[in-house]
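Whatever order the structure lists ligands and atoms in, that order sets their numbers, starting from 1. The structure displayed is predicted, hence computed values, not measured ones. All residue numbers in this chain count up from 1 along the given sequence.
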Amino acid sequence: MGILNVTPDSFSDGGRFSGIIDAVEHGLAMAAAGADVVDVGGESTRPGADRVPADEEIRRVLPVITELAAAGLSTTIDTTRAAVASVALDAGAAGVNDVSGGLADPDMAGVAAEAGCPWVLMHWRGHSRNMATLASYSDVVVDVRDELRERVDTALAAGVRVDQLILDPGLGFAKTAEHNWALLDRLEVLLDLSLPVLIGASRKAFLGRLLVDESGRARPPDERDDATAAITTMVAELGVWGVRVHDPGANIDAVKVVAAAAEARTRAQESATDD
Ligand code: PMM
């Protein structure tokens, strides 16, 4: 899943129109590099970020989704708002990526149920402005699993089919670096829920802090792609469904390496049974 953030700071500041063209070009480039789906978002979810009004969110994402859908790309709408998801689905989005797992907007489940489309339920405890204050767990892995299971139950009760659902532990959302590493280390606890799992580690702050230089300065976001690909290798090996990344290329290579190794393992097992 390639990340396409259509926020004013993400693309050309040469005006609204060139911003849209740049965003569409970037989406097409990620698809050409091998991304299966392009995730289009119009509201920043970075820690501390303020909310943007729904009509502004729609204004940002709608032309981009419309263009990408017309070009035959599969897109998801990254939003916590049912109204934004609904408009995006009508414009050709193939699914919804909801970082609040349906918690932020009680109408989201109804929109997903009616559309019958894939719906990513991410683990979330509150909007970006105050999420850092909510990073308190008794056992982060078990708590995230249990809270996601509640989101699944709520979705199913609202008429969403189980085969629409994809789970995401929400790395960095009300989570410290230690929480993120614990979730990655014990991912099997989440995989035990028997639903597809998506991982979003790409360029996140915990990687910047891991890769500090000698003066203690965190590695800048656009120099965290090698570490991101390393995480992709790790989680692909564990059998996740997908990764949400800024730069698909190296991550696709990582997935191919893991798939080739898995095939070799299967062949070796088959020939051992033949003998
Ligand atoms: N992270 C961000 C935004 N949307 N969606 C899902 N499903 N999982 C994530 O981890 C996730 C997300 C924030 O990262 P960005 O600012 O780099 O887009």
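- Near Val120, with a cut-off below 4.0 Å to any heavy atom, the atoms of ligand 1 are 7 (N).
- With ligand atoms numbered from 1 in the order given, ligand 1 contributes 1 (N), 2 (C), 11 (C), 13 (C) to contacts under 4.0 Å with heavy atoms of Phe173.
- Closest non-hydrogen pair, His246 versus Met30, comes out as O-SD, 3.7 Å.
- Nearest non-hydrogen protein atom to atom 13 (C) of ligand 1 is Thr45 OG1, 3.4 Å.
- Ranking the protein heavy atoms by distance from atom 5 (N) of ligand 1 puts Asn97 ND2, 3.1 Å first.
- Side chains of Thr79 and Glu57: a donor-acceptor N/O pair is present below 3.5 angstrom, by distance only.
- Ligand 1 places these atoms under 4.0 Å from at least one heavy atom of His246: 17 (O).
- Residue contacts with ligand 1, taken as heavy atom pairs separated by less than 4.0 Å, do not involve Asp39 at all.
- When only non-hydrogen protein atoms are considered, atom 8 (N) of ligand 1 lies nearest to Asp168 OD2, 2.7 Å.
- Not a single N or O atom of Ser202, backbone or side chain, sits closer than 3.5 Å to an N or O atom of ligand 1.
- Residue Arg244 places a heavy atom less than 4.0 Å from ligand 1.
- Closest protein heavy atom to atom 10 (O) of ligand 1: Lys204 NZ, 2.7 Å.
- In Ile199, neither the side chain nor the backbone holds a heavy atom less than 4.0 Å from any atom of ligand 1.
- Ring-centre distance between His179 and Tyr137: below the 6.0 Å cut-off.
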